There are 4 protein chains.
Amino acid sequence: MSEEEVLIHQLFDEEKLTDKQKKIIVAAIESFSEKGYAATSTNEIAKKAGVAEGTIFRHYKTKKELLMSIVAPLMAKMIGPFVVNDFNKVLDREYDRVEDFLRATIENRRAVLIKLLPVVKIMLQEIPFQPELREQFLEQIAKKIFDRVSGIIESYQEKGQLIEMPPESLARLAITNILGYLFTRYVLFPDSHWDDELETERTVQFIMHGLARKESN
Amino acid sequence: MSEEEVLIHQLFDEEKLTDKQKKIIVAAIESFSEKGYAATSTNEIAKKAGVAEGTIFRHYKTKKELLMSIVAPLMAKMIGPFVVNDFNKVLDREYDRVEDFLRATIENRRAVLIKLLPVVKIMLQEIPFQPELREQFLEQIAKKIFDRVSGIIESYQEKGQLIEMPPESLARLAITNILGYLFTRYVLFPDSHWDDELETERTVQFIMHGLARKESN
Amino acid sequence: MSEEEVLIHQLFDEEKLTDKQKKIIVAAIESFSEKGYAATSTNEIAKKAGVAEGTIFRHYKTKKELLMSIVAPLMAKMIGPFVVNDFNKVLDREYDRVEDFLRATIENRRAVLIKLLPVVKIMLQEIPFQPELREQFLEQIAKKIFDRVSGIIESYQEKGQLIEMPPESLARLAITNILGYLFTRYVLFPDSHWDDELETERTVQFIMHGLARKESN
Amino acid sequence: MSEEEVLIHQLFDEEKLTDKQKKIIVAAIESFSEKGYAATSTNEIAKKAGVAEGTIFRHYKTKKELLMSIVAPLMAKMIGPFVVNDFNKVLDREYDRVEDFLRATIENRRAVLIKLLPVVKIMLQEIPFQPELREQFLEQIAKKIFDRVSGIIESYQEKGQLIEMPPESLARLAITNILGYLFTRYVLFPDSHWDDELETERTVQFIMHGLARKESN
DNA sequence: CATGAATGAGCTTTCATTCAT
DNA sequence: GATGAATGAAAGCTCATTCAT
């Protein structure tokens with residue numbers, strides 16, 4: 001299975017797509033992520049996909065609908081692991097210590113990010129300009145993840161592993177660092193040399209203990 | 001002085017702009033940040049600025065040149081405080097403790113960000129698509145800031161205030177958190193209720209000590 | 001078949017043109033020859049052709065490509081009769097005397113000129129400004145015709161019918177007179193009264209004997 | 001006096017032109033002859049002339065008026081030698097033989113053509129598209145020259161030097177050959193190697209005796 | 001289903017011309 | 001007289017979308 005087919009498969013696992021549809025999606029993802037949604041013409045997508053321009057509009061009423069059909073499944077994917085019903089309990093059992101939970105989360109999100117990187121780029125680019133997308137993202141994705149993470153954090157607080165601070169603030173800080181790390185690693189400087197394991201560990205340790213030297217240690 | 005004039009003044013302090021040019025710049029910033037560069041037509045900018053479309057092209061040979069004339073000065077502004085020659089020494093004296101340095105830096109960058117927020121949005125949006133911008137940003141801005149912050153961190157490490165870790169990693173973590181905070185505060189959720197002083201303090205404390213509860217306390 | 005269809009057929013005999021394409025070509029020829037290439041707008045051509053402006057650019061990437069698509073086949077037509085492989089031999093047999101060859105050539109070129117007159121005008125107008133056209137014309141058309149005519153002249157010289165003079169100079173003089181005649185007749189003063197047969201004969205006689213009165217006759 | 005000043009002086013001998021006006025004229029001639037009237041912008045002329053665009057329109061109400069102000073004096077120049085009142089008599093006396101008259105005319109027109117070549121090009125280019133120019137040229141220039149040449153020819157006919165044929169036809173043939181020669185020499189192939197004296201002589205001999213070999217010689 | 005020619009609104013840019021300075 | 005900023009119409013060209021085949 002080629003890399004593109006993996007991407008398609010990741011995004012549209014259950015949906016039935018014709019062969020041409022897949023080609024259109026792949027071409028659109030490539031062009032949108034390279035040049036931006038507004039700067040990509042449907043003609044260009046059609047050529048890259050090897051289909052007639054009319055074929056695009058047979059499957060997607062408008063260019064925007066094509067965009068949405070790409071980005072929407074990504075949102076579902078992103079929220080996925082956090083909305084499994086008994087996520088908390090599972091986590092509680094699986095990861096006794098916050099560090100382990102963080103490490104696992106980073107690895108988990110990293111896997112998704114790498115595979116879907118172009119689609120993630122498209123989503124981030126278009127969120128500011130597509131109110132529909134923005135709303136969907138903020139209320140359905142960001143909020144849910146945020147709430148769930150807050151819940152998890154609370155449970156760790158109850159176990160006395162985390163400092164006393166409103167869980168929302170802790171969630172913000174934790175999420176910022178995980179996403180900041182992945183963003184720096186894969187979007188800003190993908191070409192630098194990275195020792196992933198080491199840098200992950202540093203990020204985890206930083207989240208836990210900050211960067212102040214402990215005098216008494 | 002209106003808010004717009006402040007923005008213009010902040011960006012183009014030394015440059016001499018005609019009245020029409022200012023109007024064009026203000027209109028372009030507004031439209032670009034609202035709808036994106038590619039989705040904004042020069043016709044729209046002209047109307048909003050109250051000038052003829054031809055007037056835009058008298059001052060800026062192309063639409064892209066107009067974009068660049070807006071974003072380039074921002075870059076200079078961003079890098080400004082970090083390239084003052086003896087920044088390190090000043091800081092060493094002024095801020096004995098890392099916390100104070102962090103707090104001051106957050107406040108300092110916050111001021112710039114608030115005033116130039118729309119331009120910052122434009123820059124972030126277009127960096128992925130304008131290779132010229134991207135290169136300028138990465139090599140001239142990001143790298144310089146990164147190096148300078150690394151230097152500052154080293155000096156605090158030498159004073160024994162920071163943990164032993166490659167300064168570059170520490171710099172990444174610190175910058176991520178400051179920008180992540182400002183981004184969340186002003187770009188993602190500008191409309192939420194924020195207790196700025198408190199949240200700044202939390203961010204600083206987090207950077208210093210992480211979010212693990214200290215057993216010995 | 002209308003006059004326009006004849007023109008189109010003459011130029012694009014083997015090519016397959018859609019109906020709209022034919023209309024565009026006809027309209028472009030008309031406008032270009034009347035107002036000149038640079039002074040004709042694509043909007044005007046579209047209106048005259050009864051198609052949308054976009055349709056023009058679907059078939060021809062640029063306005064210049066439209067021009068070239070009109071003029072290029074003319075060049076092929078012009079060179080046509082001179083590049084038939086065994087042209088010389090045929091001529092040798094067919095026209096024993098130079099006079100007969102001249103007369104036949106004038107009639108032959110006249111027929112092409114009349115049918116394609118507007119296109120000829122366009123070509124002559126644009127040769128000085130389109131380097132591509134100029135080069136193509138000089139090297140591929142003018143040179144070939146010139147060489148072939150020189151060859152023919154040489155064969156008549158060998159038969160003792162023409163004076164001793166470098167064939168190139170003779171060719172220049174002969175061609176100048178034939179084209180000069182046709183140009184005067186059809187381009188400069190098409191509306192004067194012309195006795196074509198008589199004037200052709202005069203031209204032929206002039207080319208042969210000049211305009212000096214033969215004292216000894 | 002530079003080459004440009006010579007050109008200006010040749011065209012506008014008696015007129016009083018300001019320094020800026022001269023620069024405008026020179027720049028316009030250069031651009032018009034290189035790119036064509038319609039394809040030359042006033043902005044381009046202004047830049048090449050080193051004046052403000054407004055200055056052009058201070059001297060010439062429209063772009064077309066600028067064109068006319070360049071081409072009109074050329075027409076006067078062209079007709080010049082032919083309208084001197086007693087041209088015929090002078091010629092009769094000066095050039096007893098037709099050959100000498102032809103030779104002198106070629107040399108005379110050659111001098112004008114070389115100096116004013118760019119302006120001649122402009123005129124030839126624009127005659128088909130500027131009705132005003134066309135009319136002026138045909139009725140005032142071509143006709144007058146034609147008539148005068150016909151007259152001269154008649155006088156040579158009366159002296160028994162030229163064959164019996166309507167003088168208009170003879171005039172057409174003679175003019176065609178002189179212009180055809182000069183056009184080939186200076187416009188079509190200015191860069192070829194030319195032995196001017198020899199080629200002139202050949203042209204004269206051809207006009208006189210044609211290119212048929214005289215059996216009795 | 002798929003095509004691709006056709007559309008016409010809209011795009012960026014250029015133009016000749018005006019006019020306050 | 002000279003300037004050059006300003007104009008807005010018009011230029012060449014692109015676009016998302018439609019529809020007959």
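Since this is a predicted model, take the numbers as computed values, not measurements. A, B, ... follow the sequence lines: proteins, then strands. Residue 1 opens every chain.
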Please report, rounded to the nearest Å, how far the [atom2] atom of [N] is from the [atom1] atom of [X].
X	N	atom1	atom2	value
A/L66	F/dC15	CG	P	16 Å
C/K47	E/dT7	NZ	P	15 Å
B/E44	E/dT12	CD	P	9 Å
C/K23	E/dA5	NZ	C1'	14 Å
A/Q21	E/dA2	CD	C1'	13 Å
D/I45	E/dC15	CD1	P	11 Å
B/I56	E/dT14	CD1	P	13 Å
A/F32	F/dA16	CZ	P	9 Å

Flag the pair [X] / [Y] as yes when at least one side-chain heavy-atom distance between them is below 4.5 Å, and no otherwise.
X	Y	value
B/E126	B/V71	no
D/K64	D/Q130	yes
D/V119	D/P73	no
B/T55	B/H59	yes

Quiz prompt | F/dA2 phosphate, OP1 or OP2, under 4.0 Å from D/H59 side-chain N/O | solution = yes

Practice problem: Would you please confirm or rule out a distance under 4.0 Å between OP1 or OP2 of E/dA5 and any side-chain N or O of C/T55? | Solution: no

Quiz item: Given that D/K20 and C/A38 both sit by DNA chain F, which one's nearest nucleotide is further toward the 5' end?
Solution: D/K20

Quiz item: For the salt bridge (charged side-chain N to carboxylate O under 4.0 Å, His left out) test, which of A/K48, A/K47, A/K35 pairs with A/E30?
Solution: A/K48

Self-check item: Any-strand Watson-Crick or G-U partner of F/dT17, both distances under 3.5 Å
Solution: E/dA6

Exercise. Look at all strands and tell whether D/S41 reaches a base, only sugar-phosphate, or nothing, counting heavy atoms closer than 4.0 Å.
Key: sugar-phosphate

Exercise. Identify whether NZ of Lys or CZ of Arg in C/K121 sits under 6.0 Å from the centre of the six-membered ring of C/F32 and within 45° of that ring's axis.
Key: no

Quiz item: Quick check: does any side chain N or O of B/S31 sit under 3.5 Å from a backbone N or O of B/T40, one acting as donor and the other as acceptor?
Solution: no

What protein N or O atoms touch nucleotides 17-21 of chain E N or O atoms at under 3.5 angstrom, if any, and at what distances?
from	atom 1	to	atom 2	distance (Å)
E/dT17	OP2	D/K63	N	2.8

